[in-house]
Protein chains: 2
Amino acid sequence: MGASVVLDPVDLHLLRLLQNDARATYRDLAAQVGIAASTCLDRVARLRRSGVILGHQLRLDPAKLGRGLQALLSVQVRPHRRELVGPFVERVRALPEALTVFHLTGPDDYLVHVAVADMADLQRLVLDEFTSRREVARVETRLIFQRWDCGPLLPPGASGAPPG
Amino acid sequence: MGASVVLDPVDLHLLRLLQNDARATYRDLAAQVGIAASTCLDRVARLRRSGVILGHQLRLDPAKLGRGLQALLSVQVRPHRRELVGPFVERVRALPEALTVFHLTGPDDYLVHVAVADMADLQRLVLDEFTSRREVARVETRLIFQRWDCGPLLPPGASGAPPG
DNA sequence: CCTGAAAGACATGGGTG
DNA sequence: CACCCATGTCTTTCAGG
């Protein structure tokens, strides 16, 4: 299930193009890759079935939605036992301010990426939803100046440039 | 430009649905929201023009691409001046292992989310691309046990459930 | 904001190297 | 077996009210 999948250069080219614009038509994709549209459809359908493509996501601008401030919260949950951390993660995931939650190695058990309206909103979030909780031993807040998304995700060793 | 945008309940409902499945057809969206398909198209086009919708992204499974290990690297860049950090960020963004880069407040200037093949690959990445660099004063590596994506991003105060 | 029609994309089945 | 071509169906898109 979690095994790696064999991908030929055509698959990689398709994935690269789709990561730039996931709504590109199969016709356009096929033209750029140099195969027929139906073949392109077959390829992408297979990538979906094999689990390489998990889904299609909308990228939104948090600032345009009135969430101009983003932060990372490092959270220690003590004691770090299943019956405590399970509900903790679910509660945090359900917060409208939460974007992503990471469970990490190291002294800070969880990293929570949040988007809030402003500093007062962030203060309220930290005080009411984190430090006031018994299971939360410590919270460290870092503001995000800027965020960059990186190039397309490709298998190790795959060249970044399209072939030919 | 960065200003917030007025969104009525129909817009919010559309955004919620599209965040679940960004490739849903306008026909299906319209049926669920209770408007005509053409109106739905108008709405989404306006959301795109106004910048609320930045784009459509493919969600891939890093493990299926042979990148089964993810980590967060906290990086101190010293001295923290523009002529050093600009190239640093661009170089890191260009790494095939890099997923996201954050510029943060606090003692750790940058947080880099990476996906690698295995522990040896991570070691190589840290040693060759980070600690060997003159401008990198310190790197702290934390492994990611698990990652959760959270609910749809909505404006502050917007109810999470669609309107009855 | 809806209706309706035209243009276009998707998805299937059959044929070829 | 992977690919291409042709076709019916559905979706998108643009008038007009």
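Here is the naming used below: chain letters follow the sequence lines, and residue numbers restart at 1 for every chain.
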*Partners meeting side-chain contact (heavy atoms from CB on, under 4.5 Å) with B:P107 (sequence neighbours left out)*: B:Q76
*Output every pair passing salt bridge (Lys or Arg N to Asp or Glu O under 4.0 Å) with a member in residues 68-87 of chain B, not counting sequence neighbours, ordered by first then second residue.*
B:R78-B:D109, B:R81-B:E83
Exercise answer: donor-acceptor pairs, residues 121-130 of chain A side-chain atoms, under 3.5 Å, sequence neighbours excluded:
| unit_1 | atom_1 | unit_2 | atom_2 | d |
| --- | --- | --- | --- | --- |
| A:D121 | OD1 | A:R124 | NE | 3.1 |
| A:D121 | OD1 | A:R124 | NH2 | 2.7 |
| A:D121 | OD2 | A:A117 | N | 2.9 |
| A:R124 | NH2 | A:E97 | OE2 | 2.8 |
| A:E129 | OE1 | A:R91 | NH1 | 3.3 |

*Can you sort out the partners of B:H113 under ring-ring contact (aromatic ring centres under 6.0 Å, His included), two or more places apart, ordered by chain and number?*
A:F102
*DNA chain D contacts made by residues 22-31 of chain B, counting heavy atoms under 4.0 Å*: B:T25, B:Y26, B:R27
*Applying ring-ring contact (aromatic ring centres under 6.0 Å, His included), name anything that partners A:F88, two or more places apart in sequence or on another chain.*
A:Y110
_Going 5' to 3' along DNA chain C, which are the first and last nucleotides with any atom under 4.0 Å from a heavy atom of chain A?_
C:dA9 to C:dT12
*Strand contacts (DNA chain C) in residues 32-40 of chain A, 4.0 angstrom heavy-atom criterion*: A:S38
Let me have the donor-acceptor pairs involving side chains of residues 141-153 of chain A, under 3.5 Å, with sequence neighbours excluded, atom names and distances please.
| unit_1 | atom_1 | unit_2 | atom_2 | d |
| --- | --- | --- | --- | --- |
| A:R142 | NH2 | A:S74 | OG | 3.1 |
| A:R147 | NH2 | A:D149 | OD1 | 3.1 |

*Reading DNA chain D 5' to 3', which nucleotide is the first, and which the last, to come under 4.0 Å of any heavy atom in chain B?*
D:dT11 to D:dC14
*With B:D8, which residues qualify under side-chain contact (heavy atoms from CB on, under 4.5 Å), at least two apart?*
B:V10, B:D11, B:R43
*Could you tell me, to 10°, how much the axis swings from one end of the helix from C:dC1-D:dG17 to C:dG17-D:dC1 to the other, five pairs per end?*
30°
